[in-house]
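Single-structure report; data block below.
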Number of protein chains: 4
Amino acid sequence: MARTIGSHGPTTLNAIHEAALQLIFEHGYEAMSLRDLAGRVGIRVGSLYNHIETKQDLLFGLLCSHMEALLAALDEAMAAVEAKGAKARLHAFVRFHVSYHITRKREVFISTSELRSLDTPQYDIIVRMRRRYEDHLIAILQQGVGEGDFSIQDQDIPAAAYNLLGLLTSSLTWFHPGGRMSVEDLIALDTRMVLGAVA
Amino acid sequence: MARTIGSHGPTTLNAIHEAALQLIFEHGYEAMSLRDLAGRVGIRVGSLYNHIETKQDLLFGLLCSHMEALLAALDEAMAAVEAKGAKARLHAFVRFHVSYHITRKREVFISTSELRSLDTPQYDIIVRMRRRYEDHLIAILQQGVGEGDFSIQDQDIPAAAYNLLGLLTSSLTWFHPGGRMSVEDLIALDTRMVLGAVA
Amino acid sequence: MARTIGSHGPTTLNAIHEAALQLIFEHGYEAMSLRDLAGRVGIRVGSLYNHIETKQDLLFGLLCSHMEALLAALDEAMAAVEAKGAKARLHAFVRFHVSYHITRKREVFISTSELRSLDTPQYDIIVRMRRRYEDHLIAILQQGVGEGDFSIQDQDIPAAAYNLLGLLTSSLTWFHPGGRMSVEDLIALDTRMVLGAVA
Amino acid sequence: MARTIGSHGPTTLNAIHEAALQLIFEHGYEAMSLRDLAGRVGIRVGSLYNHIETKQDLLFGLLCSHMEALLAALDEAMAAVEAKGAKARLHAFVRFHVSYHITRKREVFISTSELRSLDTPQYDIIVRMRRRYEDHLIAILQQGVGEGDFSIQDQDIPAAAYNLLGLLTSSLTWFHPGGRMSVEDLIALDTRMVLGAVA
DNA sequence: TATGAATGAGTGTTCATTCAT
DNA sequence: TATGAATGAACACTCATTCAT
């Protein structure tokens, strides 16, 4: 029996991506075996290779498409406040960062913890995309410093931006939706802390 | 005479720990093979088992001794400011956190990224130790809120503490000693941002 | 009208045979994957099976059609000297063997080195065809011995024939067309050596 | 149970070599699976890697040690006739070639048919060794031509040498010890043909 | 006739671990 | 305490082959 009825190409690839995301999040890239992955998708291990090049390529595809979607969503979200002051833009950035990532905790996690499993050409590509994201926040801080709203020394601006991203990303780790705190509460807390940190 | 001359037991174990720290930091626990580890130590793989129980046990030992040393150092560092106000204690905490970890970046990294490679009983032990560390910061924030120095809502105090730890830990990631910024500069920046975030 | 315009069947099959010949010559039958083969032909691997039965069948087809063509060409070439003396016929055989095979080095190579990859019924068929070729030379030697032109002991005649074929076939291996030596030079050398060996 | 009593390192390696020789001879290098090999040796497949680097390395080791032994034996066998005339030396060469190889048919076979399975650095090494062997015969022919015993054109000497090796090596293929023909008979026939071919 | 997706057996190789020496 | 050789399970990946479309 060659093909199960109802299994089509794109669907299968999507299922592979979804299952890989989950397994890598749970056990890590190295600890995820392609047998587990295939099993979760409902195909045999050899069939995976009709859809992916290699295991590493699968990881790269995951990270890459996450970063692409993230950057596109960022641009869209920030377009509305492009002409505004730094404070308003920082508000928008925090709101975007938290609300976008809160539904993508697995992607966030593997984007940071599994980068090292990529080899050089692909590693560099993802790092470069991440830098574009960071640069967005850096630009906001620079604007705010220029406008006198934020008090950071010029040479510390990138450092401060990384720190803020660390703060925000940590939120995504400990926050559990459905708990006492709503996402709006989280955004409020993070916004207050971020604005305070650069005040 | 506890140790016969020529017995390198503790020395070998130390070498194993140091090499494991480096290899896990570089490639991750799963990707570190005991052959690599033995090779770096200068013994054969079978000989490792004269010093360790299992691979997982080695990881646990690393994390455990790191956490024990961390907690002990924290207690010692904070003893001097125990009776002081929250601001002074937060100052001290930031200084301690940064200066202690800055020379232990590998331990910091694997403490967060390789926790998942531990199985339940050992996983829980490390998590509990980490919680003791976090609780120290939570207590400081509670004191500060009580004294009116910090403005966080009561129910957000743990969340704020985790955020601050995220901020501080992110510092350790991007900071490169020997660059434009000194450790004192880093502490100054982090202190300002942390105090601002809870002000 | 036997073939509809646009039907590339025979063309595709020819391309498969040519590509297989080249790949088996380069890497060996076992090392040639049907994916490589399909890729070189410009189709997908599944499509191969519209033209071949199995991989082994493909090999058999290659060897078989080579041997059939060889035997036919031999008969044709030797018809002209059928009635002549053994020396003339040996001359003609050497000339035929060298000139026919020199443009078919790949076929020669795989005919000897990949025979073992055939399973029994097909293996036997090829071996039988090869024997017919060898028998032709044996008959010439027998004639020559009978006529007193060649001095080989009767019971050694097949052995001598195999040796001569070894000598001739080795020529095809080291000879590189376009070098110092022309094909006529090669035939001359081989003829002299072969005739000398049986003199 | 870690080790079967009575299985020691060098013994195991020898067993691996012997079994590999047989299996490669029977099925070819590509078609020999390491599982088959291990099974024939009586160990598990993973254990092979305590003795070999890779499968290719095993093949190289086989070919290399065969060629080394061959060259050493050649030097020893030809030492006695070093100062003699070309005819005597050619006699000795034929005798050596046949008698040495006749007990090593498997090595002869894989030395020619599995060379292509080696990658470049190792391939070159074996080819270079083989050339040293061929050069020995070429030198004898040159001497004979110089002494007026052999009648080959100067520029054809290497070609003639390769042809003779082809003749001799073909003998090893079809000869079956224990048949009508003794090894001495074979040597006699080959000697007569070889000397005739260059006369 | 070509294709993409599937299969299951198989590949060489690495793994953590054991243990007699 | 160190070693070399063993184990068996696992690894990522490839194979020839099938077949609905």
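- Across all their heavy atoms, Leu62(D) and Ala20(D) have their closest contact at CD2-CB, 3.9 Å.
- When each of Arg44(A) and Gly42(C) is assigned the nucleotide of DNA chain E bearing its nearest heavy atom, the one mapping closer to the 5' terminus is Gly42(C).
- With DNA chain E read from its 5' end, the first of the two nearest nucleotides for Gly46(A) and Ile43(C) is the one closest to Ile43(C).
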For DNA chain F, what string of dots and brackets results from 5' to 3' when Watson-Crick and G-U pairs need both distances under 3.5 Å, crossing pairs get [ ], and pairs with another strand get |?
.||||||||||||||||||||

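- Within the 4.5 Å cutoff, the side chain of Leu58(D) has no heavy atoms near those of the Thr54(D) side chain.
- Of all the residues in residues 53-63 of chain B, Thr54(B), Lys55(B) reach under 4.0 Å from DNA chain E with at least one non-hydrogen atom.
- At dA5(E), none of the side-chain N or O atoms of Thr11(A) fall inside 4.0 Å of OP1 or OP2 (strictly under the cut-off).
- Residue Arg35(B) places a side-chain atom within donor-acceptor reach of the base of dA16(E), judged by atom type and a 3.5 Å distance cut-off alone.
- Checked by atom type, the side-chain pair Glu18(C)/Gln22(C) shows no donor-acceptor distance below 3.5 Å.
- Contact annotation: Thr12(D) side-chain N/O to dA5(F) OP1/OP2 distance is not under 4.0 Å.
- Contact check, His51(A) against dA6(E): a side-chain N or O comes under 4.0 Å of OP1 or OP2.
- A search for salt bridge (charged side-chain N to carboxylate O under 4.0 Å, His left out) contacts involving Arg116(B) returns Glu114(A), not counting sequence neighbours.
- Note on Ser33(C): only backbone sugar-phosphate atoms sit closer than 4.0 angstrom, heavy atoms only; bases stay farther off.
- A straight line from CD of Glu30(B) to C1' of dC15(E) spans 11 Å, rounded to a whole angstrom.
- In terms of phosphate contacts, Ser47(D) brings no side-chain nitrogen or oxygen within less than 4.0 Å of OP1 or OP2 of dA5(F).
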